[in-house]
Number of protein chains: 2
Amino acid sequence: MICTCIRYGNAYAFPVSSARRPDLAALLAPLVRELVAAEEPVLAAHGLTMWGYVVLCALDRGEVRTQAALAEAINADKTRIIRTLDDLQHSGLIERVPDPEDRRARLLRITAQGRRSKDAAQAQIQRGEERWLGLLDTEERRVFLRALRRMAADRNDGPA
Amino acid sequence: MICTCIRYGNAYAFPVSSARRPDLAALLAPLVRELVAAEEPVLAAHGLTMWGYVVLCALDRGEVRTQAALAEAINADKTRIIRTLDDLQHSGLIERVPDPEDRRARLLRITAQGRRSKDAAQAQIQRGEERWLGLLDTEERRVFLRALRRMAADRNDGPA
DNA sequence: TATTGTTATACTCTATAACTATA
DNA sequence: TATAGTTATAGAGTATAACAATA
């Protein structure tokens, strides 16, 4: 699969099964890979890396402030976002200021420029997604996105 | 969230965007990761690795015979499936016989035992997928899977 | 003692190059 | 010369461990 499946954080090939219906992952994983492949040149054109874009999106949501919280929010190790933060800060896309209430922590914030870059990249990314969503009619598209959001939102609720 | 995206074959974190709607990849990638995480213990219980399962599924489809064709079919480098093939062969799940018409090539075939293992694992995997598909009603499920198959099938058709 | 951010190290997985034997 | 399969090497990306500063 991308057929790739993911363990640790690495990607593996996925089968397109011969069963009555293919495994969900076997359908989804190649699609994800294509979507990601389509995103990368767009991000590059906007001077962003994938991780950088991830961070900007998370900060723009405004739900995290510290590096530790950010790392958890994007499911990354706290050590592996540091370089990304360094670069984003150096480019003026984020700010990193000491937390006056906890001098160990540094508070992160997306800058106006960072938001502009992120929004511009995202707009182009979502236009590109029409290559796939355009295969669906209006009703299918509505149901698909609703279903997908529900399944994605179930993330933290499941029993195991 | 997985939040992982894929480049080369590696995984990256994905944003949950603040836009009108999240990026498709941001919705799909975490879901894929969860699906994969759910598959792994099942595969392990059946004595299979993810790559091994991928290979068995591909061979069971019967569309490829040589190692090179298999590698292409599962989007893997030809060098990185060899160990997997060695293991599968050693476990009696596949056969690898010289091609009488081209003595360079080795023809791959899933064995009856291999098919049993694959089918058993797949049945359990698809039962486990009900954790997600069960969130959809009958009509949603039908539309979702149809839409997904259409988008996944578009793989080789697109303009770029 | 625990936590935040950081750096340095080791490990996993992958791709690349090089080899052989055939074609 | 090109291709199928294989092996060995180097590289990218990640997690783990260890550290300083602060709580």
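So that the names make sense, note that chain A is the first sequence line, chain B the second, and so on, each numbered from 1. In this text, all values refer to a predicted model and were calculated from it rather than measured experimentally.
- Judged by distance alone, the side chain of B:Glu129 and the main-chain N or O of A:Leu24 form a donor-acceptor pair under 3.5 Å.
- Residue A:Val97 belongs to a hydrophobic cluster whose other members are A:Leu107, with links defined by side-chain heavy atoms closer than 4.5 Å.
- Following rounding to the nearest Å, B:Ile81 (CD1) and D:dT7 (C1') show an atom-to-atom distance of 15 Å.
- A 4.5 Å side-chain heavy-atom check between A:Leu108 and A:Val64 finds every atom pair outside the cut-off.
- In this entry the distance linking CG of B:Asp77 with C1' of D:dT9 reads 14 Å, nearest Å.
- At the phosphate of D:dA23, OP1 or OP2 sits under 4.0 Å from a side-chain N or O atom of A:Arg103.
- Between the CZ atom of A:Arg106 and the P atom of D:dT22 there is a distance of 13 Å, rounded to whole Å.
- Looking at A:Asp137, its side chain does come within 3.5 Å of a backbone N or O of A:Glu139 through a donor-acceptor pair.
- Among the nucleotides C:dA23, D:dT14, D:dG5, the one closest to the side chain of B:Asp102 is C:dA23.
- Regarding A:Met50, its CE atom lies at a distance of 16 Å from the C1' atom of D:dA12, rounded to whole Å.
- The side chain of A:Ala105 has C:dT4 as its nearest neighbour among D:dG5, C:dT4, C:dA15.
- The nearest pair of heavy atoms linking A:Gln122 to A:Cys57 is NE2-SG, 4.4 Å.
- Nearest to the side-chain atoms of B:Thr79 among the listed nucleotides C:dG5, C:dT7, D:dT7 stands D:dT7.
- Nucleotide D:dA2 holds its C1' atom 8 Å from the CZ atom of B:Arg104, rounded to whole Å.
- Residue B:Leu59 holds its CG atom at 11.0 Å from CD of B:Glu95, rounded to the nearest 0.5 Å.
- Residues from residues 90-101 of chain A with heavy atoms under 4.0 angstrom of DNA chain C, sorted by number: A:Arg96.
- Nearest nucleotide to the B:Lys78 side chain, out of C:dT22, C:dA15, D:dG5: D:dG5.
- In this structure, B:Arg83 atom CZ and C:dT14 atom C1' are separated by 15 Å, rounded to whole Å.
- Proximity of A:Trp51 to the phosphate of D:dT14: a side-chain N or O atom is located under 4.0 Å from OP1 or OP2.
- Nucleic acid contact for A:Thr66: sugar-phosphate only, since backbone atoms but no base atoms lie under 4.0 Å from a heavy atom of the residue.
- Contact annotation: A:Arg80 side-chain N/O to D:dA15 OP1/OP2 distance is under 4.0 Å.
- Residues A:Val143 and A:Arg146 meet the side-chain proximity criterion, which asks for heavy atoms closer than 4.5 Å.
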